[in-house]
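Whatever order the structure lists ligands and atoms in, that order sets their numbers, starting from 1. Just the heavy atoms: all of them, side chains too, but no hydrogens, waters or symmetry mates, feed the values below.
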Amino acid sequence: MRLKDKVAIVTGAASGMGAATAKLFVAEGAKVVLTDILEDEGAALASELGGDARFQKLDVTSEADWDALIAETLSAFGRIDVLVNNAGVSGSHPDVLNTDTWDEQMNVNARGVFLGMRAVIPKMQEGGGGSIVNISSISGLTGQKFVHMGYNAAKGAVRLATKAAAVQFARDGIRVNSVHPGLMPAMRTSMMSSDPEVRRKMTNAVPMGREGRVEEVAHANLFLASDDASYITGIEVPVDGGFVAQ
Ligand SMILES: NC(=O)c1ccc[n+]([C@@H]2O[C@H](COP(=O)([O-])OP(=O)(O)OC[C@H]3O[C@@H](n4cnc5c(N)ncnc54)[C@H](O)[C@@H]3O)[C@@H](O)[C@H]2O)c1
């Protein structure tokens with residue numbers, strides 16, 4: 001039970017890696033608030049996970065939603081120990097020079113992560129510490145052919161905001177790290193990377209020769225969230241089958 005009695009918030013928890021993370025955290029003893037814009041899917045998963053899980057609707061771009069989430073979490077569980085800033089929208093857009101995509105990427109994938117840190121850090125300071133795991137991507141470390149540059153820029157912003165927050169709040173006992181998944185099952189919003197031919201090329205470019213499983217990212221999130229990582233802050237953890245080692 002690596003998260004026994006810890007209270008965790010997971011964003012984008014109705015699907016993919018967020019759902020896998022919420023499930024693993026409950027199995028490891030945490031009380032988990034699953035959040036997403038997908039209310040039906042999120043509420044169904046929370047009820048499947050039992051009494052230690054609850055769902056609250058949260059659009060990560062809304063400060064009002066974050067305020068309501070913090071109030072609800074404190075009233076239900078009394079404290080906040082862990083935030084996994086996982087919600088995101090895909091950058092695999094066919095028009096790589098589209099301005100609306102740039103704006104959406106910055107709003108959801110970068111600003112959404114900042115708003116999450118902004119919301120929980122004061123509560124973690126009051127509570128004596130905490131752990132924040134920000135989900136970036138290999139796209140936050142390198143450019144790619146099939147990805148809108150706004151996705152790379154937003155995920156790069158997550159990487160460096162993580163390091164800034166780690167430095168600024170280390171003395172409060174708050175650790176902040178980033179996880180960088182590689183080729184994973186397509187996101188709900190994926191366009192190019194859902195195409196089988198594009199996916200075949202992307203898979204060939206992975207040293208391990210396969211895509212990752214959502215649970216493999218959830219385990220990295222668990223390690224960083226838990227006290228096993230008590231002297232680790234400000235780092236970036238690729239979970240990518242060796243992609244960025246090339
Ligand atoms: N799938 C990949 O190949 C891959 C690779 C690297 C990084 N990532 C990152 O991992 C994270 C999880 O992605 P996934 O693969 O599980 O995708 P997914 O599409 O299955 O899940 C993303 C979740 O985020 C939610 N979401 C989207 N916009 C939101 C908003 N404004 N507010 C709240 N929730 C919102 C969606 O409803 C969805 O449930 C994302 O940050 C993504 O950028 C994904």
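Scanning the protein heavy atoms around atom 22 (C) of ligand 1, the nearest turns out to be G88 O, 3.8 Å. The nearest heavy-atom contact from the protein to atom 17 (O) of ligand 1 is M187 CG, 3.3 Å. Ranking protein heavy atoms by distance to atom 40 (C) of ligand 1, first place goes to N86 O, 3.1 Å. In this structure, the protein non-hydrogen atom closest to atom 28 (N) of ligand 1 is I37 CD1, 3.8 Å. The single protein non-hydrogen atom nearest to atom 43 (O) of ligand 1 is Y151 OH, 2.7 Å, given as residue, atom name and distance. The protein heavy-atom contact nearest to atom 7 (C) of ligand 1 is S136 O, 3.4 Å. Here the protein heavy atom with the shortest distance to atom 2 (C) of ligand 1 is M184 CB, 3.5 Å. Among all non-hydrogen protein atoms, the one lying nearest atom 6 (C) of ligand 1 is P181 O, 3.3 Å.
Not close to ligand 1: G42, with no non-hydrogen atom less than 4.0 angstrom away. Ligand 1 lies nowhere less than 4.0 angstrom from a heavy atom belonging to G112. Remark: distances from the non-hydrogen atoms of K155 to ligand 1 include one below 4.0 Å.
Annotation for V32 and V26: closest pair CG2-CG2, 3.6 Å, computed over non-hydrogen atoms.
For ligand 1, none of its N or O atoms has an N or O atom of V89 under 3.5 Å away. In terms of polar-atom proximity, M17 is counted as a contact of ligand 1, with an N or O under 3.5 Å from an N or O of the ligand. Residue R199 has no nitrogen or oxygen atom sitting less than 3.5 Å from a nitrogen or oxygen atom of ligand 1, judged on distance alone.
Note that CG of N107 and CG of L115 are 8.5 Å apart. Values are rounded to the nearest 0.5 Å. For the atom pair CG (L49) and NZ (K23), the distance works out to 7.0 Å, reported to the nearest 0.5 Å. To the nearest 0.5 Å, atom CG of residue N109 and atom OG of residue S139 are 10.0 Å apart. Rounding to the nearest 0.5 Å places NZ of K145 at 15.5 Å from OG of S92.
Of all the atoms in ligand 1, the ones that sit under 4.0 Å from a non-hydrogen atom of L38 are 37 (O), 39 (O). Close approach of ligand 1 to L58 is summarised as follows: ligand atoms under 4.0 Å from at least one heavy atom of the residue are 32 (N), 33 (C). For ligand 1, the atoms closer than 4.0 angstrom to any heavy atom of R188 are 18 (P), 19 (O). The S137 neighbourhood of ligand 1 comprises atoms 6 (C), 7 (C), with distances under 4.0 Å to a heavy atom of that residue. Near G16, meaning under 4.0 Å from any of its heavy atoms, are these atoms of ligand 1: 16 (O), 20 (O). Atoms of ligand 1 lying under 4.0 Å from at least one heavy atom of D59, given by number and element, are 30 (C), 31 (N), 32 (N).
With V158, D36, T35 as candidates, the residue nearest to atom 39 (O) of ligand 1 on a non-hydrogen basis is D36. The option from P185, A20, S15, G116 that lies nearest to atom 1 (N) of ligand 1, judged by heavy atoms, is P185.
For the pair V108/E104, a side-chain contact is recorded, criterion being any heavy-atom separation below 4.5 Å from C-beta on. At a threshold of 4.5 Å between non-hydrogen side-chain atoms, the residues T203 and L183 count as touching. Side-chain contact check for P122 versus Q125: some heavy-atom pair is nearer than 4.5 Å. At a threshold of 4.5 Å between non-hydrogen side-chain atoms, the residues V33 and F77 count as touching.
Partner of N134 under the side chain to side chain donor-acceptor pair (under 3.5 Å) criterion, chosen from N86, N177, N85: N85.
Taking a cutoff of 4.0 Å between a charged side-chain nitrogen and a carboxylate oxygen, K6 and E28 do not qualify as a salt bridge.
The neighbour count for R171 CZ, taken as heavy atoms of other residues, nucleotides or ligands under 6.0 Å away, does not exceed 12.
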- Task: Determine, stepwise, if the pair R79 / E126 fulfils salt bridge (Lys or Arg N to Asp or Glu O under 4.0 Å).
- Result: CA-CA 9 Å; R79 51 185 295 110; E126 284 167 29; over 6 Å; no
